[in-house]
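Note that this is a predicted model, so its numbers are computed, not measured. A, B, ... follow the sequence lines: proteins, then strands. Residue 1 opens every chain.
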Amino acid sequence: VARVDDRELRRRVVRIDRADDGRFLGTGFFVAPGWVLTCAHVVGAESLVTVVADASVHDAALTAVIVARSAEGVTGELWPFPDLALMQLTSEIEHPCVHLVDDDPDGVEDIHAWGFPQHGESYSHPSGSPASFQFEGVDGNGFLQLKAGQAVPGLSGAPLVCPRHRGVVGVIQATRGRDTELGGWASPVSALLSGGAGVPRGLAALGRQIRVENRAAILADRAGWHKVLPINGAHALLERRWDTFVKQPGSSPANMLRADFGVVPYLFRGNDLADMEEWCETGPVMSVAQVTGDGGAGKTRFAIELCQRMAARGWIAGLGPDETDDWGRRQAASVTDLPLPRLIVIDYAEVFAADTLRTTLTRLRDGAAVLAPASPASGPHSELDDPQPSRRAAATSAVAFTVDGPQCRRRISRPD
Amino acid sequence: MKHVESVRVGDVEFLVEVADTRGGVQPVGAQAAFSMEGVRDTIEAVASQVADVWKKVKPDEASVEFGLKIAVKSGKLTGLLVEGAGEASLNITLTWRKPEGESEEEPGKALATVTPIAPAAVAEVEPAEQEQEQGQEQETA
């Protein structure tokens, strides 16, 4: 399960102030380009507010118009369900968004918020801090009931992140005791995305629009959102067979030709790499590429270059273990369940028993999702001098069994 | 359960210990400094009710003491009547004294004394319109 990186989450959170006198009102967060979600009671009857984003996102105060909100309540009392308001920025800026999840927290792991609680000296201009809670259940009004955490004034409108769902499931709304760790309540994101009882028609219609725009924004910056929920050690699960060549006394000149050292600049295959990058980013949730070529044509170097590029894009990318590496196989098995985008190169696919390959690919397919696609790339040793044609056929058959639709096939030739 | 709230009167901002009457449940939107208006309204309302009784009964002298805690209701400070002086943030004494030489038909004087328990919480009591006509005096301790 992931941990929450507060620095990355904070970049998606904003402070909301009153437009006329700058009085602090509460917290909000970016849900789609130009859109901020908060609680209805945070903005009250205001029609225009000031939005202050993290300095790394935008260094000047912004103005936002309240476009839709749920029913008003009594000041100081709990507001009616769902207590949500959507506002739109009046100017265009580049900003990251949270991933909205139309589901309740799983109730096993702690859920995590980041907002602007009023503590001590920073009462009127809080600098922001995290808070964590446990999910107790859904109350009679439909709010998510939280325990074992402190909800302090100013935290209203803060995003509630469920690490297991890898997204924001709620919006902090109320406390059960501001000076205690009794917890509080949050509005479920599902009320915005799916509507339902108590959700005004205008807010529900806008919620459907936000659902589409949020998904597009997150898919456009998949790696950015995964930075909010990193998984420690994930990159070590696959062999990252690329290294820097350092000349030592007695170093063999032949080392300079090894694919993993990459001493020779990689030229002439920029278009092929770009095509494969696009295949990774835009393909279905699970897709397989077969890379073929003559012995010495540069298939391994091609795979390493692609892995490096995808790793730089936040993917878990590397070479899978060979058939004889038990420890490596166990490590690689964990990769099949990772909720992150994965590029797994199976070098010499024909060496694997067809059953082993089929099992691995099936697990990958079952664990793949839009936010965590799986892209295995397999490369037979050589087409011309294939020592095991029957096993290569079996491997190809295993791939065909696992993957629906057309597969990506690419042939690597020696440069002219 | 008690907590501290920021209160603004004119240009002065100070802190007041406030009783929590809602079991802690409240929305967690940011809070601005409160005003003492609700507490003042509470004192005036109680004084007005007591003065009505004295006007009817016309005693030579009478006094009533009550204690006020400060609480939050619907996002505003208000007074919470309490029994023991030790519990209160403000002790208020209302005194009725019939002026010497005045006939029974003439109205007497009502004095209101407000004793703050919390050092920073000083409430100024303004006379209700009707009491002003009757010559109510105020002392703030």
Side-chain angles (χ1 to χ4, degrees), chain A residues 15-18 21-28 38-44 46 73-80 83 85 113 115-118 120 122-126 131 143 146 150-158 171-187, chain B residues 1-43 45 68-82 87-90 117-123:
Chain A
R15 199 184 77 213
I16 299 171
D17 296 340
R18 215 155 62 177
D21 61 2
R23 183 166 77 74
F24 170 52
L25 294 174
T27 305
T38 187
C39 288
H41 77 262
V42 167
V43 292
E46 305 289 327
V74 177
T75 304
E77 306 292 327
L78 297 187
W79 278 39
D83 191 10
F116 293 92
Q118 293 170 300
S122 58
Y123 195 84
S124 56
H125 293 97
F143 289 111
L146 313 175
Q150 192 178 11
V152 174
L155 203 60
S156 271
V171 185
I172 297 287
Q173 186 245 359
T175 183
R176 294 162 80 175
R178 50 185 278 184
D179 301 315
T180 69
E181 293 203 343
L182 284 173
W185 288 273
S187 308
Chain B
M1 185 72 71
K2 292 174 180 176
H3 56 261
V4 174
E5 296 289 2
S6 181
V7 177
R8 176 171 284 276
V9 177
D11 292 334
V12 181
E13 192 164 330
F14 52 92
L15 301 176
V16 176
E17 195 172 61
V18 172
D20 193 341
T21 58
R22 299 165 296 183
V25 173
Q26 66 174 106
V28 281
Q31 282 189 189
F34 288 95
S35 81
M36 289 294 279
E37 197 179 336
V39 178
R40 201 177 64 183
D41 289 348
T42 307
I43 296 169
L68 270 188
K69 265 173 138 177
I70 298 175
V72 179
K73 189 184 176 197
S74 300
K76 290 180 179 173
L77 287 190
T78 186
L80 172 67
L81 285 170
V82 290
E87 284 283 299
S89 298
L90 298 166
I117 305 302
V122 180

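Taking every heavy atom of both residues into account, B:Pro27 and A:Ser156 meet most closely at C-OG, 4.3 Å. Taking each heavy atom of B:Ala30 and A:Arg23 in turn, the nearest pair found is O-NH1, 4.4 Å.
Without hydrogens or angle criteria, B:Gln31 side chain to A:Pro153 main chain gives no donor-acceptor distance under 3.5 Å.
The contact between A:Val152 and chain B is made entirely by backbone atoms, counting heavy-atom distances below 4.5 Å.
Between chain B and the options A:Val42, A:Leu78, A:Thr175, the largest number of non-hydrogen pairs under 4.5 Å is found for A:Thr175.
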